[in-house]
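Everything below concerns the one structure shown next.
Heads up: numbering here begins at 1 and tracks the sequence.
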Amino acid sequence: ATGKVVPFAEEIITSPVSSKVLEVYKKSGDRVQKDEPLLQLDLETIRTEYETKMESLEMQLNKLDLQRKTIASDLAEMKMQVDIDEMMLKRTLVSLNNERYLDSIGASTREKVREAELNYTVKQMQLEQLKRKFENKKRKFARWSWITRLPRGTWICCSRRLGRLR
């Protein structure tokens with residue numbers, strides 16, 4: 001009897017990465033077992049590319065962390081300035097009330113009272129402006145504060161692991 005032998009199953013093998021084949025262990029028609037290597041790929045290029053991308057990611061995350069720390073520092077400084085300006089506003093109000101009292105007993109002039117009122121209004125507006133800037137900065141900080149560096153160089157972003165860095 002004559003006939004043609006055909007394989008039971010045939011598979012086309014593809015690689016998820018573009019790489020150079022270093023060595024071929026099996027050739028067309030050879031029997032293979034499950035998990036048996038067929039060839040060896042040159043993974044050095046891929047490893048180098050991976051390390052380059054991880055280093056780039058680490059640099060970007062370090063840059064973001066620096067920006068977050070800068071914003072946090074600016075925020076603390078602005079909060080201190082808001083507190084100082086609130087104290088100055090209270091002091092200006094005391095001066096205004098003193099000037100009004102002095103005017104009521106004839107020891108001051110209406111002009112000095114108007115000047116104290118104007119001074120108080122200006123300081124009040126400046127404080128409100130600073131408070132708005134502070135709130136805007138706080139919102140900006142909230143956008144950066146999700147970046148956290150954990151032990152062993154693992155970066156966590158939005159509760160997802162980005163990668164492990166050395």
Flag yes if Val122 and Leu96 sit in one hydrophobic cluster, no otherwise; membership is Ile, Leu, Val, Met, Phe, Trp, Tyr, and two members link when side-chain heavy atoms are under 4.5 Å apart. no
Around atom CZ of Arg91, are there more than 12 heavy atoms of other residues, nucleotides or ligands at under 6.0 Å? no
Any donor-acceptor N/O pair, Ser56 side chain to Thr52 backbone, under 3.5 Å: no
Check the hydrophobic clustering (I, L, V, M, F, W, Y; side-chain heavy atoms under 4.5 Å; chains of links allowed) and say if Leu130 and Met87 are grouped together. no
Side-chain donor/acceptor of Thr121 to backbone N/O of Glu117, under 3.5 Å: yes
Applying the side chain to side chain contact (heavy atoms under 4.5 Å, CB included) test to Glu135, which of Lys133, Arg132, Lys138 qualifies? Lys138
Distance-minimising heavy-atom pair for Leu127 and Val82: CD1-O, 3.8 Å
Is atom CZ of Arg110 surrounded by more than 12 heavy atoms (other residues, nucleotides or ligands) closer than 6.0 Å? yes
Nearest heavy-atom pair of Tyr120 and Leu93: which atoms, and what distance? CE1-CB, 3.5 Å
What closest approach, in Å, do Thr109 and Asp103 show between heavy atoms, and which atom pair accounts for it? C-OD1, 3.7 Å
From CD (Glu58) to CD (Glu55), nearest 0.5 Å: 7.5 Å
Are there more than 12 heavy atoms of other residues, nucleotides or ligands under 6.0 Å from atom CD of Glu86? yes
Compare every heavy atom of Lys26 with every heavy atom of Pro37, then report the nearest pair and how far apart it is. O-CG, 4.3 Å
Between Glu115 and Lys112 (salt bridge meaning N to carboxylate O under 4.0 Å), is one present in this structure? no
Connected to Leu66, directly or through other members, by ILVMFWY side-chain contacts below 4.5 Å are none
Value for NZ (Lys131) from CE (Met78), rounded to nearest 0.5 Å, stands at 12.5 Å
Taking every heavy atom of Val113 against every heavy atom of Arg100, the minimum-distance pair comes out as CG1-CG, 3.9 Å
Interatomic distance, CG@Leu39 vs CD@Glu23, rounded to 0.5 Å, equals 9.5 Å
Leu22 with Leu38, same ILVMFWY side-chain cluster at under 4.5 Å: no
